[in-house]
Novice: 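Before I ask anything, let me first share the structure, which is written out below as structure tokens.
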Amino acid sequence: MRIKMHLCTFIVLFLQLLFWTAARSCARHCGEKLNTCSCHATCESLKDCCADYRHFCLDIEPHSGSLLGGTDFKILNATFEPNITLTCRFSSEILTEGYVDESGAGHCISPLLYESGWIPFEVSTDGLNYDRSGKWLSVHHSKLGPAYKIILGNATQWQYYGTPGVGGDLKMTWISSLIKAERVNVELWGYSETGEAYSSDWEAEWKYLYSVGRDVPNTGVFSFTPQIADNPFSLWDLGSMRISPSTKPDGARDVNALWSEEHAVAWHLEEAFRKDSAGWALKKCLLWDKEEKSMPDFLTEITDCPCTLAQARADTGRFHTDYGCDIEAGSLCVYHPGAVHCVRAIQGSPEYGAGQQCCYDSTGAQVLTRDSIGGSTPDRGHDWGDPPYKKPPRVPGFSHWKYDVISFYYCCLWSHNCEYYFTHRPSSDCRTYQPPRAAAVLGDPHFITFDGVTFTFNGKGEYTLVHSPAFQLSVQGRTEPMRFENGSSALATRLCSVAMKEKDSDIIEVRLADTADQLQVFMNQQELLFSEQKWIDLKGVFVFSPKPSNVTVMFPSGAGLEVRTSAGVMTLTVLLPHDLQNHTFGLLGTMNDNPQDDLTSSDGTIIPSNSSAQDIFSYCAGWAITNETSLFTYDTNHLLNEYYYAPKHDPSFIPNFSMTEDPEDPLVEATLRLCSGDGADFCKYDALSMRSLKQGNATLRAYRSHTDTQTALEPVQSCGWLSPPNHGQKEGTLYLEGATVSFSCNRGYGLFGSQNRTCQADGTWSGQDTHCVAENTLAIVLGSVGAVLALVVMVIAIIVYSKKQKKFREDEEDQKVR
């Protein structure tokens, strides 16, 4: 009996030990906060991680790579037994073979995917239990840096090979250390999309076609003389080159590899292409034209383009630079001659996931395909893909090539039949474009609402900046006391963090970093790094950070937030599309073109915009958030104590409500010289309150940058495209208010209608439609018109004469009666 009791006690203690051990292990618990320790991303800064956090919640290097797969990434801060086999599982379904190197570090190989963004992965040491996890960033192949892919030497030669005058050897280069092998195979893979368009069986496919080199030295350079491929391989006209270890079978999937850019595979096409490339391409163009006519029309649902280059560059919530035509990179617009900059709509169209492209010339005017081959073109497949990706036509990059780029080769580059292409891909003008509205928080801190009301609020806490229940958009701001150069606290605050979310998107927080004039970005309380990629696709949101001091966040509604830092202060610009009109409240006001109600409190009370600084301070304090509604990350004891456990608005912090310009103050004279014109009041307040001309100047520059954005986004009236008359020409390709278009006719034709037409403020063209009529025809017409007019004059004269005679007779009768 006593033995049984001891056995039962042992079992209970053993189970408790197992439970206690499991409760302190991060195996299968990454992202969670356990009872006795944490497996959450904040645990390292809070110093409460479970002992095995790094072993099970994986950090990797590199953390990103091409969606085509093949990247060998290393698992950091964890060691493995050398004789085990690692298996890596992506998205809970795609398995790739890992390995352990001689130092005990584990490695995984990223798989071929049809989506971009963060991909969860798990690691197993026995092929059964996947108890370690991490995240892999799958990147649009064209957005990948050149160091991480095969570079095709002389891209024009590759894509025009076989057309008149183009031949010779083709060359490619790569960084050999990225392939863990001494000898490699050089393969061609083809891309296609099969099944009925816009149906459930429409599928994307990458397929190994053949090798152009086997067991060649991994020197980073390879050249070959292209040969016409056998059928059916020669029918594939879109693909990529791949370099992989020669120890792997031909076409082995998900192995260590490098890929080239997708390209038109002209160099292996059938004999008919080499004999008559233009005729072959025309046949392909006509087949594409027929296919397009059978597919749904996506043009009616894509957004219109901004009217000017200034609008396109300022509307950062809805449009982003097209890397193929970037004014900041020297305007190398190969596919858009005459343009200096193009942008793409960030979001795909609602039903078909189609894309929009807008290009502009050196004058800032839109370039249209009806005027130039360099005009912008909409896309059946958005170049950057469209969530949820994976299936046509939403596969990043490759769907776009399939439906919009290879067809451009058929119709325009390999033959001269662009009229077919532009029939289905005409430029959109800007007649229905409505620019967004901009609001800002800048300096220490000053607010500019969507309707233009300005005020200063130097409270300490966390507040609602913008909230839109209709669009489920929330933007929150955190402020903290400023510090003088000697480290002491000032009676002023600054915006130090902004958190945001739309619907069920990932939560994004942008905060001031400890390093001067740098920003940190968090996704769902975990820091996002931009050391490898500048653009990151996330759930329901995109984030772009070209440098550590600049971050742009873009939501599906078209809302965009730009966060910048300079001189130790954060500046926030919020851009909202017209759809959110009458659907916002918070410290940045009610966007409804009525400044009188911008200072509406959370309970609906409106205070005048000319209220005292103290009254405005009290009004703003009412917009403090709660812990339940907070989107912020509290990953340090300081943040916990100052913001989470403390009041959301600190009632004990009372700022300076105004600054006195004391003539005896030596800083005043310099401040008055610096702070003049628009933004002077904000500049003076910040310079004097912080005893810093640098601070005042930073505020002045931020204010003027905001006014420049507002100017760029002023509405512009468009009258729409005007066609040249048949047998004539037009001069002028600007179709905005005040622009004049002139017309002329070819020799032998006379102009009928208006020679000059001007775009008017109401969006209509002045004058009459213009036509060019053959001069002999015009003479006949004018002669006929003259004859008709003469006949009309004779008839009128007869009628007048008859009426006079009738009147004369009536007068005679009256005389007789008398």
Side-chain angles (χ1 to χ4, degrees), residues 299 302-316 318-319 321-322 324-328 331 333 335-345 356-378 418-419 421-423 425-436 578 708-746 751-772:
L299 298 175
I302 56 175
T303 184
D304 257 4
C305 287
C307 291
T308 66
L309 176 58
Q311 286 180 335
R313 299 189 72 189
D315 191 353
T316 53
R318 294 183 290 181
F319 295 90
T321 297
D322 181 344
C325 184
D326 180 4
I327 197 170
E328 299 291 341
S331 301
C333 307
Y335 294 109
H336 300 282
V340 299
H341 193 72
C342 295
V343 297
R344 290 190 181 276
Q356 176 64 289
Q357 182 195 52
C358 312
C359 296
Y360 302 86
D361 64 19
S362 58
T363 70
Q366 196 181 352
V367 183
L368 304 178
T369 52
R370 286 171 287 188
D371 291 324
S372 166
I373 190 175
S376 50
T377 55
C418 274
E419 65 274 13
Y421 187 83
F422 291 143
T423 296
R425 301 291 186 269
S427 298
S428 300
D429 60 24
C430 67
R431 279 177 291 180
T432 65
Y433 173 75
Q434 293 180 303
H578 187 266
D708 288 344
T709 297
Q710 290 179 309
T711 300
L713 292 173
E714 284 291 327
V716 177
Q717 183 62 261
S718 170
C719 293
W721 181 73
L722 275 180
S723 64
N726 291 331
H727 310 294
Q729 301 84 33
K730 73 173 181 181
E731 183 177 343
T733 55
L734 184 62
Y735 310 110
L736 307 180
E737 182 180 350
T740 297
V741 177
S742 301
F743 302 93
S744 60
C745 295
N746 299 337
L751 190 144
F752 187 75
S754 298
Q755 183 175 359
N756 300 297
R757 304 187 70 183
T758 300
C759 180
Q760 303 175 119
D762 63 356
T764 62
W765 289 101
S766 65
Q768 305 297 320
D769 289 345
T770 305
H771 304 279
C772 291

Novice: Check whether the SG atoms of Cys325 and Cys359 are less than 2.5 Å apart, and answer yes or no.
Specialist: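 No, the SG atoms are not under 2.5 Å apart.
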Novice: Under a 3.5 Å distance rule, please check whether Gln717 uses its side chain to pair with a backbone N or O of Ala761 as donor and acceptor.
Specialist: yes
Novice: Tell me whether Thr770 contacts the main-chain N or O of Ser754 through its side chain, where contact means a donor paired with an acceptor under 3.5 Å.
Specialist: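 Here the side-chain-to-backbone pair exists.
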Novice: Would you say that Phe743 contacts Arg757 through its side chain, given a criterion of any heavy-atom pair below 4.5 Å between the two side chains?
Specialist: yes
Novice: Can you confirm whether the thiol sulfurs of Cys745 and Cys772 sit closer than 2.5 Å?
Specialist: yes
Novice: Does Thr369 reach the side chain of Tyr421, with side-chain heavy atoms less than 4.5 Å apart?
Specialist: no
Novice: Does some side-chain heavy atom of Glu731 sit less than 4.5 Å from a side-chain heavy atom of Val741?
Specialist: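 No; the side chains remain at least 4.5 Å from each other.
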Novice: Quick one: are the Cys430 and Cys307 sulfurs under 2.5 Å apart?
Specialist: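 Cys430 pairs with Cys307 as a disulfide (SG atoms under 2.5 Å apart), so yes.
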Novice: Show your working on side chain to side chain contact (heavy atoms under 4.5 Å, CB included) between Glu328 and Arg313 and close with a plain yes or no.
Specialist: CA-CA 11 Å; Glu328 299 291 341; Arg313 299 189 72 189; 2.5 Å; yes
Novice: So, for Ala314 and Ala712, which heavy atoms are closest and what is the spacing to 0.1 Å?
Specialist: CB-CB, 4.0 Å
Novice: Any side-chain heavy atom of Asp371 within less than 4.5 Å of one from Tyr735?
Specialist: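 Yes; the side chains approach each other to less than 4.5 Å.
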Novice: Is a donor on one side and an acceptor on the other found under 3.5 Å between the side chain of Trp765 and the backbone of Gly720?
Specialist: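 Checking the backbone N and O of Gly720 against the side chain of Trp765, a donor-acceptor pair under 3.5 Å is found.
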Novice: Between His336 and Val367, is there a side-chain heavy-atom distance shorter than 4.5 Å?
Specialist: no
Novice: With a 3.5 Å distance limit and no angle check, can you tell me whether Ser427 reaches the backbone of Ser376 through a side-chain donor-acceptor pair?
Specialist: yes
Novice: Let's go through Leu736 and Gln366 carefully: what are the C-alpha distance in whole Å and the side-chain angles of both, what is the deciding distance for side chain to side chain contact (heavy atoms under 4.5 Å, CB included) to 0.1 Å, and is it a yes or a no?
Specialist: CA-CA 10 Å; Leu736 307 180; Gln366 196 181 352; over 6 Å; no
